[in-house]
There are 2 protein chains.
Amino acid sequence: MDTPWLDRRQLRAWIRLRAVLELLPGVLDAQLRHDSDITEFEYFVLAVLSEAPERTLRMTELAARTNATLPRLSHVVARMERRELVERFPCPEDRRATNARMARAGWDTLRRAAPGHVATVRHHVIDALTDEQVDQLADICEALLARLDPSGTMSAIYTRHDEPGGEEPTPGEGRTGDP
Amino acid sequence: MDTPWLDRRQLRAWIRLRAVLELLPGVLDAQLRHDSDITEFEYFVLAVLSEAPERTLRMTELAARTNATLPRLSHVVARMERRELVERFPCPEDRRATNARMARAGWDTLRRAAPGHVATVRHHVIDALTDEQVDQLADICEALLARLDPSGTMSAIYTRHDEPGGEEPTPGEGRTGDP
DNA sequence: TAATGAAAGTTGTCGCGACAACCGATTCTC
DNA sequence: GAGAATCGGTTGTCGCGACAACTTTCATTA
């Protein structure tokens, strides 16, 4: 338990990361709430569902892919269901399980929200960095996630560093693809 | 408004950063709540106060240095005052203003909480990265903060890249210093 | 084939943060 | 020097997330 203190350079990094942690989520959330009346987390739920086969996923799987606890996801999906963004129905194979499927309005919402959201992400993250830094950031976050999310459910999707891609239907958030 | 989509590499970085944003604060918060019965934000408030002259700061200044809005800080400090971690008193020079001063119990709490908190930060952030990555992370976050916090109140403290230090009384979170 | 334990979700309560409204003090300006 | 605008801070309300029960279903095994 005799942990060495942080030296000056480490402290610089930590203080700044902490500030980013404090500020960035609020900015993203505010933009989406204001422009599309959804949370950043709700956006992400829709984005993940949109990439799943049948636009359907079991609650547990959806929770894992969105880094949410099951209770949290349950609440969120309940609220989204009221707004008819998604719908839930019991899973045939396992009667304990529940499937969440993206509804029509959810798809429309996602589609309309995407451009503004991507623009915000670009402006506050991607465009603020050099290409090299973007890659560094990916590696750094991967290293952090190894400790934060040992099962790596989320990072798993993008852990294949290379591979010019093609197997999955262009994973990612939302995407511009037409119906 | 015709923003280009994110390419594969950018998406990798963003998805992972998003995951870190989602998971890391919870981990830090849980550790401090569990071990010391304070929020990570409360810890930071105490840490910032501990480095101020007289361990005292005006609410506005404290808000700026902790990246908090004034209403939020007001609520937090009110709660902390009830637990006698800090105390508030009107500012003599400007009768609109309020000073927040760290109280004895606040200092004790910070002192006891620090080792565990630092260990958690080390384990989940610093030790997960190479020295080079730590520096990269600092630069990346600085770039992001330029857009998130244009006034740069917080980053300002550590913006002097080089300088072997010495002027300020070892700024940073808490610190091991004896009374 | 009971019985025990684990998994999948839901629900309820509580605390924190965002936002808006508000008030007193202060500075500006004509 | 009397408004008007602004600053500094507090308070109230609301929504979301954490955590802890709890229910139902499935898996194990004795």
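Chain identifiers are assigned alphabetically (A, B, ...) following the order of the sequence lines, protein sequences preceding nucleic acid strands; residue numbering begins at 1 within each chain.
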Sidechain N-carboxylate O distance under 4.0 Å for B:Arg72, A:Glu22: yes

With respect to the side chain of B:His75, which nucleotide from D:dG8, C:dA6, C:dC19 is positioned closest? C:dC19

Output the rounded distance in Å from CG (B:Leu70) to C1' (C:dC22). 14 Å

Rounded to whole Å, the CG-P distance (A:Leu21 to C:dG17) equals 14 Å

Please pick, from D:dC19, C:dG17, D:dG17, the nucleotide with the shortest atom-to-atom distance to any side-chain atom of A:Phe41. D:dG17

Measure from CG on A:Asp37 to C1' on D:dC14 and round the result to the nearest Å. 14 Å

Looking at every strand, decide which applies to B:Thr98 at a 4.0 Å heavy-atom threshold: base, sugar-phosphate, or nothing. sugar-phosphate

Which sits closer to the 5' end of DNA chain D, A:Pro71 or A:Arg33, going by the nucleotide each is nearest to? A:Arg33

Can you tell me which nucleotide in D:dC16, C:dT10, C:dG17 comes closest to the side chain of A:Met59? C:dT10

Sidechain N-carboxylate O distance under 4.0 Å for A:Arg58, A:Asp94: yes

Nearest-nucleotide wise, let me know which of A:Glu42 and B:Asn99 is further upstream toward the 5' end of DNA chain D. B:Asn99

Contacts of A:Arg96 and A:Gly26 projected onto DNA chain C by closest heavy atom; the upstream (5') one is A:Arg96

Side chain of B:Asp94: nearest nucleotide among C:dT26, C:dG17, C:dA8? C:dT26

Can you tell which of D:dC19, D:dC26, D:dG15 lies closest to the side chain of A:Arg95? D:dC26

Please give, in whole Å, the distance from D:dC7 P to B:Arg58 CZ? 13 Å

Can you measure A:Leu24 atom CG to C:dA18 atom P for me and round it to whole angstrom units? 14 Å

Strictly distance-based, threshold 3.5 Å: is any side-chain N or O of B:Ser50 a donor or acceptor partner for the main-chain N or O of B:Val48? no

To the nearest angstrom, the CD-P distance between A:Glu81 and C:dG9 comes to 14 Å

Which distance, rounded to the nearest 0.5 Å, do you find between the NE2 of A:His117 and the CG of A:Leu110? 9.5 Å

Got a salt bridge between B:Asp37 and B:Arg33, using NZ or NE/NH1/NH2 to carboxylate O under 4.0 Å? no

Value in whole Å for how far the C1' atom of D:dA18 lies from CD of B:Gln31: 16 Å

B:Arg88 CZ to D:dT11 C1', straight-line distance once rounded to whole Å: 11 Å

When all nucleic acid strands are considered with a 4.0 Å heavy-atom cut-off, which category describes B:Asp29: base, sugar-phosphate, or nothing? nothing

Is A:Arg72 close enough to D:dG17 that one of its side-chain N or O atoms is under 4.0 Å from OP1 or OP2 there? yes

So does B:Arg79 get a side-chain nitrogen or oxygen closer than 4.0 Å to the phosphate oxygens (OP1/OP2) of C:dC16? yes

